[in-house]
Every structure is written in structure tokens, then in C-alpha cells.
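One structure is given below, encoded as C-alpha cells.
Just so you know, residue 1 is the first one in the sequence shown, and it goes up from there.
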Amino acid sequence: MHFNTIVLAMACAPLGVAAFVTPLSKSFGISSSSSSSSTSLSMVLEKPRTEKKLAKIEVLKTQSDHLLNPLKESLADTEEISVTKDAMQILKYHGSYMQTNRDNKGPKDYQFMLRLKQPAGELPPHLYRLLDDLSAKHGQGDLRATTRQCFQVHGILKGNLKTVISSIMNIGSSTVGACGDVSRNVMTTPAPFASAEYKYANEWSKVFAQLFRPMTPAFSEIWLDGEKAATVEYWSKDVAQYNVDEAMVYDSKRGIILPDPVEPLYGDRYLPRKFKIGVTVPGDNSIDIYTNDIGCIVITNDKGELEGFNVMVGGGMGRTHNKESTFARVADHLGYVPKEDMMELMKSILASQRDHGNRDVRANARMKYLVHTLGIDNFRSLVESYFGKKIQPWREISEFKYNDWMGWWEQGDGKLFYGLHVDNGRVKDEGDFRLKTCLRVLVDKFNLSMILSPTQSIIFRDIDPKDKPEIERILREHGLRSIEEVDPLARLAMACPALPLCGLAQTEAERRMPSYIERMRTMLNSMNLKDEEILMRMTGCPNGCARPYMAELAFVGDGSDTYQIWLGGSPVLTRTAFPFVAKMNDADLEKTIEPILAMFIQQRQQFEAFGDFCHRVGAEAIEAYSKSYTLGSVKA
């Protein structure tokens with residue numbers, strides 16, 4: 001379809017129900033972003049010529065009374081240990097998913113996962129103590145650090161949900177917006193350096209979290225019986241000087257603000273799908289910045305003063321097997337925006353997706369598909385039609401590098417921070433390995449604040465240097481290894497929870513990744529590649545929670561005990577990988593990967609990383625080499 005036809009189709013679509021054109025893509029749905037340009041778009045206030053029938057989920061949101069019903073009624077039903085299907089959809093906006101343990105046979109043992117909202121990944125000590133207690137009393141006894149810098153609590157029963165959520169709200173935290181078709185937890189680089197750039201990134205991530213928070217009273221009505229929380233959310237105090245509430249409701253009369261007295265930005269239908277934001281500084285790609293719907297990079301002047309932000313749009317990981325119209329995508333560079341215009345620009349991008357994202361086909365509802373369909377130039381014009389200004393050209397910045405910020409670091413203010421590696425984010429006690437107990441001891445003894453990292457690990461900040469020896473002793477006493485003792489493969493790896501609790505999982509991820517790390521380590525050592533560091537990720541389904549499509553080597557579950565193999569992501573996380581093999585049986589890992597490592601040994605360029613090598617030579621060359629390779633025939 002010609003681009004002008006696409007523009008016309010979208011301009012004629014009902015507000016919030018954009019027409020969608022399936023993008024052309026290769027097998028497995030790899031995207032190649034269009035950069036088409038056209039005349040300035042003027043579709044902000046277009047009225048529909050014909051009304052479309054709303055998708056069921058859109059009807060449900062509209063009839064929910066701003067996320068109140070039918071959840072309130074379903075929770076009140078004490079005869080059932082579950083909530084209804086419709087209530088489950090609304091419950092997501094409150095930060096919870098209903099799950100069952102798929103390892104257990106017989107009647108379903110419904111339970112609930114609860115995800116916190118933690119802008120910038122920050123977790124004050126009093127909140128960790130509460131989570132530790134709640135997980136022990138009302139959960140399954142552990143905590144799970146996610147890939148978006150927040151904790152999850154698993155195993156909560158329906159009858160305990162209100163106790164857990166109200167406790168979290170009354171201590172000054174929240175689960176609101178941790179799930180659902182709203183702005184999710186806003187990420188930022190977890191390194192707590194005292195430099196101006198890092199402080200701006202931290203502050204503005206909280207600004208954006210406040211700007212896009214849902215305003216419905218349904219949360220307090222359900223969990224606090226209509227009362228206000230005992231204290232305000234802790235991050236809101238850090239950004240009080242920005243007057244975020246005033247900026248939220250400011251109406252430029254360009255279609256951003258909706259005539260909805262409850263939700264001026266979201267309306268009663270909220271967004272077409274989830275919406276992810278990340279903030280970082282030039283050179284620091286610890287957060288996978290290109291995977292976000294909006295990525296913001298702090299720009300300062302020579303004096304260290306904030307000038308504005310480089311902004312990228314249209315990243316996202318989720319896809320569906322055998323559906324080529326779905327694909328992983330890295331964000332495009334939108335341009336530069338001065339700091340004084342930044343909140344209005346963010347509102348303009350959100351309004352563009354709200355009004356023109358695809359609400360008909362949920363698999364294509366993320367903003368990446370809108371950006372891909374229009375092309376970045378025309379998407380920019382769309383945003384500008386809400387913004388009322390031209391977006392300035394992208395400013396040159398230093399190249400991104402990847403760092404997980406593990407181990408000991410000087411903050412720059414006389415204090416230290418320590419990055420503690422956590423395998424796949426699981427905070428638990430198991431035999432001599434007593435991570436959960438250790439964290440509680442450290443928090444109680446030193447009153448330390450945590451920052452959750454984008455790689456499912458934990459950073460302790462503001463450590464007095466004199467406390468370093470005692471902290472190291474406590475870590476050893478509880479069976480925790482120093483970062484130097486952690487296998488680099490494990491340090492770089494991530495896996496989603498998958499089985500047994502995730503209802504979407506097709507196979508194992510978190511429980512299988514340790515064995516894959518061991519098997520990969522054995523292969524690398526046997527081929528004299530023991531010093532090679534390869535960034536690996538694993539998911540139990542194609543939805544991409546562990547951001548597998550950015551990895552140098554990824555395993556994406558596509559059946560019971562089978563995986564797709566993806567190769568060629570960047571070690572600095574700036575491009576997507578490509579699909580190489582489908583339906584690799586778990587038992588075939590070695591015979592699938594060894595030929596690729598052998599080709600890497602024989603054909604790599606000097607200092608070339610594994611992902612860069614795979615990207616350079618491509619799938620066809622790797623496949624041809626693998627067919628002629630004899631196992632065990634090549635060593636470095």
C-alpha cells in the first residue's frame with residue numbers, strides 16, 4: 001500500500017482506533033524501519049467517518065468505570081479462590097496477575113503475582129523490610145527482581161491481596177501501573193554516581209513516572225476502602241519542584257488532553273497496549289535503551305547543567321511465533337528536545353499512540369508498529385502536530401557501552417555502591433545459599449537503600465567505606481560469591497520466570513538457564529575459548545520479557561523443551577538479533593552451537609565479539625558452515 005494511502009486510512013480512523021497496515025517482513029518477522037517522508041500530518045482532531053466495533057478488551061476498559069469493575073465485585077466473592085476472566089484483565093492495572101502452578105496436577109491452585117512500581121529501580125530500606133515480611137507471610141517465601149528494575153512477589157492468595165497491597169500503599173509505595181495498558185515502571189541507569197548527568201537521569205525518570213501515573217480513584221477504593229494512603233509515594237517527594245501535576249493537565253488545545261475528568265491523558269480506554277520508558281546518560285546502555293517505547297538521553301552543557309534530551313521512539317521486544325506481522329524492533333532517533341518542553345513532548349508522544357495506535361489487533365498494538373508503519377519522519381510529524389513545535393535534530397553523543405555496574409564502585413561523593421549479582425533475579429534461601437536472609441541482615445544492620453538493576457540484580461548505595469569489610473564478611477557468611485567468582489556467562493545472562501507460574505510459557509527459562517550456562521561453559525573451555533564472554537538470554541515464550549532479541553545468543557521457547565536460536569545481537573545492545581534455528585531440542589544444544597563457535601574461531605576479526613561476528617557473516621553463511629562441520633574438529 002502506498003504511504004499516502006496509509007496516512008489517509010489513519011486519518012479516517014476513529015479516535016484511538018488507527019487503521020493498521022501489516023508491515024512487510026521476512027521470515028520470523030524481522031523489521032526494517034521505513035524512513036518515508038510526506039507532508040505534515042494533521043490528524044489530531046480528525047473525526048471518524050464510520051464507527052468501528054470495539055475490540056472486547058476495549059469494551060471492558062470502557063465499562064470498567066476507570067478500572068474499578070468487575071474487579072471490585074469479583075474480589076468480594078469469598079466463595080471463589082480466583083477472579084473472573086474480565087476481572088483478571090482489570091487486575092493487571094492494579095499490579096497483579098492471576099497464576100497457577102503448572103507443575104501441580106489436579107484442581108488449579110489459583111494464586112497471584114504482585115509487581116511493585118519502583119521508578120528508577122529505587123527501594124528504600126523500610127520498603128524492603130515490608131516486602132521481605134509480606135513474601136514470608138503471604139507469598140511463596142521469595143522475591144523476584146524483574147528486568148524492569150522492580151520486585152515481584154509470587155504466591156499470594158486472593159484473600160490476602162488486599163492486606164498485601166494496602167500495606168504497600170500505606171508505607172508510601174505502589175503497585176499501580178506496574179502492569180496494564182499504561183506507562184510501566186520507568187527505568188534508568190542504576191549506577192548512583194554523584195555526577196550531574198546521573199542525577200538528572202534519576203530525577204527525570206521519576207518525573208515521567210509521575211506524569212503518566214493513572215489518576216483513577218479505583219485503586220484506593222478497592223484496596224484502602226476509599227481512604228487516602230497513610231503517606232505519599234516516596235518518589236513523588238523527589239520531584240516536587242517540577243510541578244508535574246500542573247504539567248500533566250496543562251491543555252495546549254491540540255488534542256492531548258481528553259475531556260475525561262478522571263484520566264485527562266488516558267481517558268476511559270487507557271492506551272492500546274503497555275508503554276515503556278527508559279532514561280539514561282550518553283554512553284551508558286545498562287538499561288537496553290533501544291527496547292523502549294520512549295528512550296530519553298540526558299544532554300548537559302560544559303558546566304554539567306541540563307539542557308534537554310535526545311529522544312528515541314518505537315522500540316519493543318514482543319512478538320508471536322509464526323506471525324510475521326509481529327517482530328522485535330529497536331527504537332528510532334526522534335530528535336532533541338529542550339528540558340522546558342520535555343513533559344509536553346512526552347505527552348505528545350503518548351497522545352500519538354493513544355489516538356493512533358492499533359486497538360483492533362492487540363498483537364500489533366504497541367507503539368513500535370505505529371512508528372514502523374508511518375516511518376520515523378512521518379511519526380515525527382504526527383508528534384509535532386500535538387506538540388505544536390518542530391522537534392530539533394538529534395544531538396551527537398558518545399557511543400553506548402554496556403555495563404552491569406556489579407562489584408564495588410566509588411559514587412563520587414565519598415560513599416561507595418556495591419552491585420550484587422543475582423542469578424535470574426531470584427531472591428531466595430536455598431541450603432547454604434541464603435540470599436534473602438543476607439539482604440535483610442544488610443538492610444537492618446546498615447539501613448541501606450537498594451536499586452534494582454535492569455539485569456535482575458541489586459545495587460546497594462551510599463555505603464560508608466568503613467563498612468565495606470563487614471559487608472563482604474556478611475556476604476561470604478551467607479554463601480554469596482564475590483563478583484570476581486561469578487562466571488561471566490552467568491553475569492551477562494538473563495532469563496524470565498517462565499514455568500511453573502507464567503501462563504504464557506511454552507517451556508522452561510529461569511529453571512533451565514543455569515544448566516545452559518554450564519553447558520556453554522563446558523563447550524567454550526573445551527574449544528579453548530574460556531575467556532570469551534557471550535551475552536545470553538532465555539525466555540519461555542516469544543513475548544520477550546528478558547529482552548532476548550537484543551542478545552548475542554538467545555534461546556526463545558517455541559515448544560515443550562524446544563527453543564528458537566537467535567544470533568547477532570550487539571554486545572552493547574544497540575541492534576536486534578536474527579533468527580537462526582527453530583525447534584532446537586534441549587538435547588541438541590551442543591551440536592547446534594559448537595559449529596557456530598568453530599566458525600567464530602576460524603573467521604573472526606581481531607577483537608570481534610561473538611554477536612558482532614554473527615551479525616557480520618549472517619545466517620546463511622553460518623548455516624552452510626554448520627552443515628559441513630564435524631563435531632570436535634576445531635579448537636582455538
Side-chain angles (χ1 to χ4, degrees), residues 27-30 146-147 288 291 317-322 326-328 423-426 454-456 487-502 504-524 527 529 532-571 573 575-600 609-611 613-615 619 622-623 626:
S27 180
F28 287 85
I30 298 298
T146 76
T147 58
D288 261 324
T291 65
M317 291 287 94
R319 48 179 290 275
T320 303
H321 288 320
N322 303 316
T326 67
F327 45 82
D423 283 335
N424 298 316
R426 186 66 64 179
T455 51
Q456 306 169 305
D487 189 326
L489 293 179
R491 180 175 171 178
L492 289 168
M494 288 202 302
C496 70
L499 296 175
L501 293 179
C502 179
L504 299 176
Q506 298 181 25
T507 191
E508 298 282 358
E510 178 186 337
R511 296 192 296 193
R512 181 160 286 159
M513 189 55 145
S515 68
Y516 271 46
I517 291 171
E518 292 177 4
R519 292 164 72 179
M520 285 292 299
R521 170 54 57 206
T522 299
M523 264 191 287
L524 289 170
M527 300 177 76
L529 290 170
E532 201 62 43
E533 298 182 359
I534 299 175
L535 194 155
M536 300 187 298
R537 292 174 177 175
M538 177 182 283
T539 57
C541 80
N543 288 329
C545 293
R547 302 190 289 274
Y549 310 112
M550 303 299 287
E552 295 182 277
L553 170 61
F555 307 96
V556 179
D558 63 355
S560 178
D561 290 326
T562 66
Y563 297 89
Q564 289 179 351
I565 304 299
W566 289 67
L567 300 170
S570 166
L573 303 169
R575 65 166 179 263
T576 56
F578 59 82
F580 177 63
V581 169
K583 297 289 183 182
M584 181 203 77
N585 192 282
D586 170 54
D588 294 336
L589 173 67
E590 286 77 10
K591 73 177 186 181
T592 303
I593 301 301
E594 184 185 317
I596 307 172
L597 294 174
M599 186 181 182
F600 177 55
F610 178 77
F613 166 78
C614 293
H615 176 73
I622 296 173
E623 183 178 5
S626 297

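Listed by chain and residue number, C496 satisfy the side-chain contact (heavy atoms from CB on, under 4.5 Å) test with C545 (two or more places apart in sequence, or in another chain). Residues satisfying the side-chain contact (heavy atoms from CB on, under 4.5 Å) criterion with E533, sequence neighbours excluded, are P488, L492. The salt bridge (Lys or Arg N to Asp or Glu O under 4.0 Å) test applied to E518 returns no partner, not counting sequence neighbours. With sequence neighbours left out, R521 forms a salt bridge (Lys or Arg N to Asp or Glu O under 4.0 Å) with D487. Partners of T522 according to the side-chain contact (heavy atoms from CB on, under 4.5 Å) rule, which considers only residues two or more places apart in sequence or in another chain, do not exist here. Residues passing the side-chain hydrogen bond (donor to acceptor under 3.5 Å, both in side chains) test with N424, sequence neighbours excluded: none. Residues satisfying the side-chain hydrogen bond (donor to acceptor under 3.5 Å, both in side chains) test with D558, not counting sequence neighbours, are T562. Residues that satisfy the salt bridge (Lys or Arg N to Asp or Glu O under 4.0 Å) test with E532, not counting sequence neighbours, are R604. Among residues two or more places apart in sequence or in another chain, the ring pair (Phe, Tyr, Trp, His ring centres under 6.0 Å) test is passed with F610 by F600. For P497, the side-chain contact (heavy atoms from CB on, under 4.5 Å) test picks out R144, R426, E510, with sequence neighbours left out. Residues satisfying the side-chain hydrogen bond (donor to acceptor under 3.5 Å, both in side chains) criterion with T146, sequence neighbours excluded, are absent altogether. Partners of R575 according to the salt bridge (Lys or Arg N to Asp or Glu O under 4.0 Å) rule, which considers only residues two or more places apart in sequence or in another chain, are D612.
At distances below 3.5 Å, not a single donor-acceptor pair connects side-chain atoms of H615 with backbone N or O atoms of F578.
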